[in-house]
Amino acid sequence: QVQLVESGGGLVQAGGSLRLSCAASGRTFSRYTMGWFRQAPGKEREFVAAIGWSGGSTYYADSVRGRFTVSRDNAKNTLYLQMNSLKPEDTAVYYCAAVGTWVVTTTPLGYDYWGQGTQVTVSS
């Protein structure tokens with residue numbers, strides 16, 4: 001089992017940057033596929049980015065590709081999401097998620113463990 005705690009959210013102006021972190025407990029972090037999802041008010045939770053065990057495989061939603069970068073530091077049991085060129089439509093609660101398989105999935109149902117979320121608000 002793994003516990004996840006996100007941090008790094010906040011209020012930023014359009015065009016700005018934020019870096020989210022997700023600290024994971026447990027000794028087998030390197031054997032979990034990790035993902036970032038977000039949920040805006042009144043909308044369903046949507047995929048943002050995912051990364052495989054070693055960090056060599058990354059996947060992005062079309063809406064964030066080229067602006068967001070997902071990475072992981074297995075030695076520190078930490079997942080990151082660097083968000084640049086932020087837009088008001090990026091405003092949401094951002095969640096990190098984990099699943100104990102090497103198969104990378106982009107659907108929320110494919111993940112077993114979730115953090116509590118961190119709010120990101122982008123003002124215009």
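Fair warning: this is a prediction, and the values are worked out from it, not measured in the lab. Quick note: numbers below take in every heavy atom, side chains included, and nothing from hydrogens, waters or symmetry partners.
With sequence neighbours left out, the side-chain contact (heavy atoms from CB on, under 4.5 Å) criterion links S30 to N74.
Looking only at distances, no side-chain donor or acceptor of T91 sits under 3.5 Å from a matching main-chain atom of E89.
Classification of the F68-Y94 ring pair by plane angle, with boundaries at 30° and 60°, yields tilted.
A salt bridge links D62 with R65: the distance from a Lys NZ or Arg NE/NH1/NH2 to an Asp or Glu carboxylate oxygen falls below 4.0 Å.
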Ignoring hydrogens and angles, write down the donor-acceptor pairs under 3.5 Å from the side chains of residues 15-23, residues two or more places apart or on other chains.
| unit_1 | atom_1 | unit_2 | atom_2 | d |
| --- | --- | --- | --- | --- |
| S17 | OG | N84 | OD1 | 2.9 |

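By the 4.5 Å heavy-atom criterion applied to side chains, Y111 and T33 are counted as neighbours. Side-chain contact between E6 and W114 is absent, with no heavy-atom pair separated by less than 4.5 Å. Put simply, the side chain of V48 reaches to within 4.5 Å of the side chain of L81, judged on heavy atoms. The side-chain heavy atoms of M34 and L4, taken from C-beta on, include a pair separated by under 4.5 Å.
A cation-pi arrangement is not found for R38 relative to Y95, the charged atom failing to lie both closer than 6.0 Å to the ring centre and inside a 45° cone about the ring normal. For the pair R72 and W53, the NZ or CZ position fails the cation-pi test of under 6.0 Å to the six-membered ring centre and within 45 degrees of the ring normal.
Linking ILVMFWY residues whenever their side-chain heavy atoms come closer than 4.5 Å, directly or via other members, leaves Y80 and V93 in distinct clusters. In this structure, F37 is not a member of the same hydrophobic cluster as V120, with clusters built from ILVMFWY side-chain heavy atoms closer than 4.5 Å.
For F47 and Y60, the gap between ring centers reaches or exceeds 6.0 Å.
Counting non-hydrogen atoms of other residues, nucleotides and ligands closer than 6.0 Å to CD of Q3 gives a total of 12 or fewer.
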